[in-house]
Amino acid sequence: MTRFESLPNEIIIECFRYFHGVDLLLSFDQLNYRFNQLVRAIQRLFIDFTDANLLKFNKFCAVLSSNPELNDQIYSLELSNRSMCEIHLFLSRFSLDQFTNLQSLTLIQPQDFDISKLKANKLLCSRLSGLHFICPEERHMNIKLIRLLDTDDIFMDNKHIFNLSSIQTLTVYECSSGELQQILQEASNLKCIEIQEFSVFSRHSWETRETLNDQYQHINLVQLKIKSCCLTPDDFKMVFKQMPNLRNLSICSTRFMRIDNRNDWQQMITELLPNLKVFHFHFANQNQLFNENIYEQYQTDFWTREHQWYTDCLFQEDCISISTVPYLKERFILPSILHRCSDGHIKRFTRVKYLEIKSNENNQDYFPHVESIIFHKQSMNCIETIVNELPSMINMINLKSLVFSTQFRLENSPILLTILKQAPNISSFGINYAFLMPMLNKDKDLCEHLHKMIKSLDVDVSSQVLLADMYQMNLFWQVFSNIEQLRCVINTTDSIRFLFVHLTKLIRLCVLTDSTLPYMGRAIIEHANICHLNILTTDSALGGYAEYLIWITRDTN
């Protein structure tokens with residue numbers, strides 16, 4: 001038996017279960033009558049557009065539109081504004097109510113108009129068992145983050161816009177302890193919740209702590225994940241009293257947090273969380289407030305023998321943190337001095353996706369899943385050494401994004417070319433325009449690699465003089481004519497038209513402009529109409545700048 005189609009139906013169906021729904025339908029549906037029927041025998045399709053390109057997205061939507069019976073097979077749907085096929089493109093073609101068996105919905109970095117679309121699908125939300133609004137930790141190349149799921153939307157005037165009674169897993173962006181209790185009371189079947197920004201105070205009553213019901217307990221909740229918080233152990237006591245059956249707990253303190261009260265966490269776990277089996281944490285503290293006794297309390301038998309929760313102590317600039325192994329956060333900064341409790345732990349940094357390099361001095365660790373590297377100005381003097389050692393630090397195949405900070409002056413084009421050749425999957429690139437142009441003028445091989453590889457570009461401009469020169473046809477825009485995402489600074493409306501005309505593959509444009517130019521929003525729409533482009537746009541204030549986010553809908557058929 002040498003051909004796939006010679007396998008019996010049962011084995012082929014079992015193989016199909018390992019496919020993402022998009023790849024399965026585009027590869028095997030309508031191939032022949034047999035495979036057509038086998039695809040429809042899969043009861044649960046998992047649709048994930050996070051890594052799909054626009055061509056694949058349009059083909060899938062065409063298949064779905066011409067075969068509406070497939071809607072009933074879609075069990076899980078994941079849409080992302082990080083990819084080329086944004087959330088609004090899917091929601092503009094399909095109503096979520098069409099997917100009668102949809103159980104899990106994930107929206108990554110949704111915008112206001114995406115949320116408004118979701119609100120129109122009230123019946124859908126009563127059927128879901130998983131609802132996730134995710135804001136990634138990587139923010140350098142991303143567009144301005146918004147409050148994704150506002151508890152006002154859940155409990156507006158006590159009218160249930162989102163019915164949480166069927167939800168078993170939930171991810172929200174911002175939540176206070178009082179709002180968490182309200183969610184728990186409404187979501188009686190909730191088993192897992194992830195909160196990306198957790199606080200003691202509600203944003204509506206930030207001056208006073210919220211009053212909690214000490215007697216309330218949610219018996220079904222077994223997993224709590226907090227990605228960012230600034231709470232004391234006393235604050236957590238009130239939270240943990242509500243969840244006596246918690247078995248899996250993850251807490252990341254990205255701001256300074258008091259961790260100097262000896263054995264507070266051991267006492268809390270013993271008294272309030274007797275069923276806790278898995279505990280991951282990252283507790284940060286100011287350097288001058290730290291002493292070795294604080295770290296020693298996490299080295300007792302309770303932590304290392306009874307629970308086998310091992311910890312590292314990390315020194316990073318003015319911050320000292322205690323973190324369980326493996327390291328909890330997705331972002332790591334080199335250099336960091338580690339006091340290791342678990343020497344030789346090969347999985348210490350398996351969660352790290354974003355690596356910021358200021359120096360690799362004395363680095364002995366491996367980061368197998370790093371997807372993005374940011375080189376800071378401090379690493380300029382040793383950049384050649386760092387690049388030579390990079391393959392021993394990360395898996396170069398996984399690297400997708402390469403960023404050089406604003407003040408990083410990269411003068412040696414072979415260094416950049418070496419990285420591009422060793423990391424063939426890099427598609428996102430950030431650099432200062434003034435520092436890149438001289439290299440492009442001298443290195444044709446570098447131009448070819450950038451032209452072929454880069455789809456997302458973040459270009460920094462260091463002066464108004466450069467702005468005047470930047471938006472005219474030159475080698476820079478010829479090299480990056482294939483980009484689909486662009487983040488840049490603009491100070492004239494003519495520059496907007498230049499980008500619309502010359503970047504024919506552009507799908508998403510993030511424009512930073514002086515906040516004193518109120519006519520920019522109107523000019524964006526006018527130039528889009530002149531260029532016959534269909535766009536969606538949002539704007540917001542960002543320091544002294546105004547930020548315009550523009551989605552361009554293009555027909556790829």
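Nothing fancy with the numbering, it's 1 onward along the sequence.
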What heavy-atom pair brings [X] and [Y] nearest, and what distance separates the two atoms?
| X | Y | result |
| --- | --- | --- |
| R34 | P8 | NH2-C, 3.8 Å |
| M393 | Y366 | O-CD1, 3.2 Å |
| R351 | P326 | NH1-O, 3.1 Å |
| L450 | L420 | CD2-CD1, 3.7 Å |

Mind telling me whether [Y] and [X] have parallel, tilted or perpendicular rings, with 30° and 60° as the class edges?
| X | Y | value |
| --- | --- | --- |
| F236 | F240 | parallel |
| W551 | H88 | perpendicular |
| F480 | F476 | tilted |
| F4 | F28 | tilted |
| F99 | F94 | tilted |
| F49 | F90 | tilted |

Exercise: do [X] and [Y] side chains pair donor with acceptor under 3.5 Å:
| X | Y | value |
| --- | --- | --- |
| Q196 | E174 | no |
| H369 | N395 | no |
| K191 | N220 | no |

Next on the checklist: I'd like to know whether F281 forms a ring pair (Phe, Tyr, Trp, His ring centres under 6.0 Å) with F279, so could you lay out the CA-CA distance, the side-chain angles of the two residues, the decisive distance to 0.1 Å, and finally the verdict.
Outcome noted: CA-CA 7 Å; F281 62 81; F279 186 25; 5.0 Å; yes
Checklist entry - Given I193, which of T171, L180, T169 fulfils the side chain to side chain contact (heavy atoms under 4.5 Å, CB included) condition? => result L180
If you draw a 6.0 Å radius around [atom1] in [X], do more than 12 non-hydrogen atoms from other residues or ligands fall strictly inside?
| X | atom1 | value |
| --- | --- | --- |
| R40 | CZ | yes |
| E306 | CD | yes |
| R247 | CZ | no |

Item to check | Cationic N near anionic O, under 4.0 Å, D445 to K421 | outcome: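 Result for this pair is yes, salt bridge flagged.
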Item to check | Side chain to side chain, Q73 and I42, heavy atoms closer than 4.5 Å | outcome: yes
Next on the checklist: Pair Y354, F332 - check ring pair (Phe, Tyr, Trp, His ring centres under 6.0 Å), show working.
Outcome noted: CA-CA 6 Å; Y354 312 105; F332 191 81; over 10 Å; no
Next on the checklist: Let's go through S428 and L402 carefully: what are the C-alpha distance in whole Å and the side-chain angles of both, what is the deciding distance for side-chain contact (heavy atoms from CB on, under 4.5 Å) to 0.1 Å, and is it a yes or a no?
Outcome noted: CA-CA 6 Å; S428 180; L402 181 64; over 6 Å; no
